[in-house]
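To start, the structure itself, in structure tokens.
A, B, ... follow the sequence lines: proteins, then strands. Residue 1 opens every chain. Every value quoted in this text rests on a predicted model; they were computed, and no experiment measured them.
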Amino acid sequence: MKRNIFLYLMIVLASVVLLFLSVPLLNMIFGNDLMLLLDTLKQKDVVGSIYLTMKVSLWAMIFVLITGLPLAYIIARYNFFGRSFIEALIDIPIMIPHTAAGIALLMVFGRGAVSEAFESVGITFVDTEMGIMVAMMFLSSTFLINGAKEGFKKVDVKLEKVARTLGANPFQVFIRISIPNARKDIINGALMMWGRGLGEFGAVIMLAYHPMVAPVLIYDRFTSYGLSHSAPVAAIMIIISIFIFLSVRFVNNRLK
Amino acid sequence: MDIFEVENLSYKLGNFKLDNVNFKVNQGEYFVLLGQSGSGKTLLLESIAGFNSVEGKINFEGRDISELSPEHRDVGFVYQDFALFSNLNVRENIMFSGKYKHVENPEETLHDLADFLGLVPLLERDIDNLSGGERQRVAIARALFSKPKILLLDEPLSAIDPTFRNSIMKFLKDIHRKYNLTTIHVTHNFREASYLADRIAIVMNGQIKQIGPAAEVLNNPANIEVAKFLGFKNILPSSMINDIEDRLFSVDPNAIHVGKYKIDCDYVFGGTLEECMGIVDHYKIFVNVDGQQFFAKILKRDYQGCYADRGESIYIGFDKKDVCYL
């Protein structure tokens, strides 16, 4: 009986937070008129904005996959002076206000030496897709790097050692053994990063109000036309994100 | 002919040090590094494979390979937990080295190995669906597929159910013979070593304490440390058996005779029975002789009982041939 009371209490408390998380989402999805959603989907700026958001956050994720996986591997495999500092540095972006991060990025990529250096090779960040990508990357790469780090830690170093005796060099071992065996954590981390990137607003708006990513479009419509014009866009964004997330998670869990 | 030689090898890892290790392994030899957990034997094996930057030389067929990376050393490595690649199936695991090394007739080699190791029905199976014994065979097949010149085995029997250990020991010996391998096998189990080894090196605290043919090392430990590790009991001062040299001797508990009355042996002692413990098929008998404790084992099929009660007088005896001087 005592055990049951404990279990019921846990279920009641858990239900509170579950409802808190799910009601706004379900209300957004099912609270909108279906015809209105379909009409909204026909609007070019909405489709363009969602496509842009997906595309740029995907590019940001791919960039961090290429650069962040080696970083995650180094942290997972080697003990070196300054490792804790680097780990803290990776975590900091998710702790600071996003608008503050946006200001920091604007100071580096919007003006000054770094900005000029990129400009000399034709890359600018203010009001460009590149600016959106930088903002998304800065605030969401933590999820991918930390996910991959945990994944690499779970890969027994003996697997890598044996692969070396079988003729593979360190790079081949990394590609053929380390990454595939840490795959689940890497994909989950990448999904988290991508998802975080899709929703990034505070930093993006500082660097690139235009072209408008979906969160900026939702905000723009809300301030200019009110809730009725912004809610369908938000609902479509939520539905697409949930669909992609569930699909990738499903495939990931099915993978050997 | 020796093909492999470790010369003055040293390596420091934290507070532990492999200290000036020297040994040679002959072509086709089954060489066992025997030592307790933490003695440094796995570290030594990994150093041979090239995972650590060591001081000293590792000569292989007359060439110093100590600077070569693991992928260029031509060694096969089998870990205690087999370290199979779970992202690949059995066939892909075995043939892994084929992508990076030239293996002649890979398909034929695979089938020969799979046939001999009983892996033919398992080739397309996932690693996660294998038993301990199957995993071991896959790990061995994977190492052998790369045609290594030397096979390194790190406690390969530890993760195996004790029931199957004897058959797998025989199997290891069969593999060694069939593929004419030179094998270095690390273990803490001296029974395993006595069955498999042509020669044994005893590793303690990062040093080689004794090296020689298996029977010689196991029956004539070089010092008390090695003797204790090898399970020698009754390590006592040789003055007890009228030896003039100041040294120790040991006598196998199974070779000690016990009796209520004087026994006909080369050495006979009267003492007090301290303890008699009945274990499944034998008695463990502890006898105090002039302050020194003797331990004897008496099979229940030879005698039922403890000869005397605790605290009573008892006789023990053994022959010269059973004495081992340390």
Side-chain angles (χ1 to χ4, degrees), chain A residues 65 69-70 72-74 76-84 144 147-191 248-256, chain B residues 13-14 42-43 45-52 68-89 92-103 124-129 138-155:
Chain A
L65 270 177
L69 286 189
Y73 184 77
I74 289 168
R77 278 287 176 270
Y78 301 100
N79 267 320
F80 54 90
F81 178 75
R83 191 175 76 165
S84 301
L144 198 161
K149 181 181 77 180
E150 292 310 313
F152 287 134
K153 277 184 184 171
K154 286 182 207 162
V155 178
D156 191 343
V157 73
K158 289 195 286 259
L159 265 60
E160 296 172 357
K161 287 180 173 177
V162 166
R164 296 284 306 276
T165 66
L166 295 168
N169 66 33
F171 182 72
Q172 290 162 333
V173 171
F174 182 61
I175 298 294
R176 189 106 192 275
I177 299 299
S178 314
I179 291 178
N181 282 292
R183 185 197 60 238
K184 282 206 167 185
D185 287 295
I186 293 172
I187 291 177
N188 281 334
L191 264 184
V248 179
R249 280 252 156 98
F250 179 77
V251 172
N252 191 25
N253 289 337
R254 280 275 174 280
L255 284 174
K256 199 171 57 159
Chain B
L13 182 70
T42 298
L43 196 62
L45 207 63
E46 288 190 334
S47 299
I48 292 168
F51 303 142
N52 307 315
L68 292 182
S69 54
E71 58 267 34
H72 296 122
R73 291 199 182 194
D74 267 338
V75 297
F77 205 111
V78 177
Y79 270 110
Q80 181 176 357
D81 54 5
F82 317 129
L84 297 178
F85 310 135
S86 55
N87 57 316
L88 307 175
N89 68 17
E92 291 162 339
N93 261 276
I94 296 173
M95 297 183 85
F96 183 87
S97 56
K99 279 204 184 321
Y100 310 106
K101 277 176 152 181
H102 174 67
V103 177
E124 306 308 323
R125 209 183 267 188
D126 282 348
I127 293 306
D128 297 336
N129 299 330
V138 175
I140 291 172
R142 182 179 64 180
L144 295 181
F145 184 85
S146 68
K147 307 260 169 85
K149 290 187 175 160
I150 193 155
L151 181 64
L152 307 176
L153 304 172
D154 178 26
E155 301 260 15

Query raised in the report: Under 3.5 Å, is there a donor-acceptor pair between the A:Asn181 and B:Ser86 side chains?
Result: yes
Query raised in the report: What is the minimum heavy-atom distance between B:Ser97 and A:Leu166, and which atoms define it?
Result: CB-O, 3.1 Å
Report summary line: Interatomic distance, NZ@A:Lys161 vs CG@B:Asp154, rounded to 0.5 Å, equals 10.0 Å
Query raised in the report: Hey, which of B:Asp81, B:Asp74, B:Val78 has the most heavy atom pairs under 4.5 Å with chain A?
Result: B:Asp81
Query - Contact class of B:Leu84 relative to chain A, heavy atoms under 4.5 angstrom - result: backbone
Query raised in the report: Checking B:Asp128 against chain A: side chain, backbone, both or neither under 4.5 Å from a heavy atom?
Result: neither
**Report entry** Contact check, side chains of A:Arg164 and B:Ser69, non-hydrogen atoms, under 4.5 Å
**Finding:** yes
Query - Flag side-chain contact, heavy atom, 4.5 Å: A:Lys158 against B:Phe77 - result: no
Query - Backbone N/O of A:Arg176 and side chain of B:Asn87: donor-acceptor pair under 3.5 Å - result: yes
Requested in this report: Tell me, out of B:Arg73, B:Glu46, B:His72, who's got the most heavy-atom pairs with chain A below 4.5 Å.
Outcome: B:Glu46
**Report entry** Side-chain heavy-atom pair A:Thr165, B:Phe51 within 4.5 angstrom cut-off
**Finding:** yes
Query - Heavy-atom contact with chain B under 4.5 Å, split by part of A:Asp156 - result: side chain
Query raised in the report: Any side-chain heavy atom of A:Val162 sitting closer than 4.5 Å to one from B:Phe96?
Result: no
**Report entry** More than 12 heavy atoms of other groups within 6.0 Å of A:Phe171 CZ
**Finding:** no
Report task. Could you tell me the separation between the CZ atom of B:Phe82 and the CG atom of A:Leu159, rounded to the nearest 0.5 Å? Result -> 13.0 Å
Query raised in the report: So, for B:Tyr100 and A:Gly167, which heavy atoms are closest and what is the spacing to 0.1 Å?
Result: CB-O, 3.2 Å
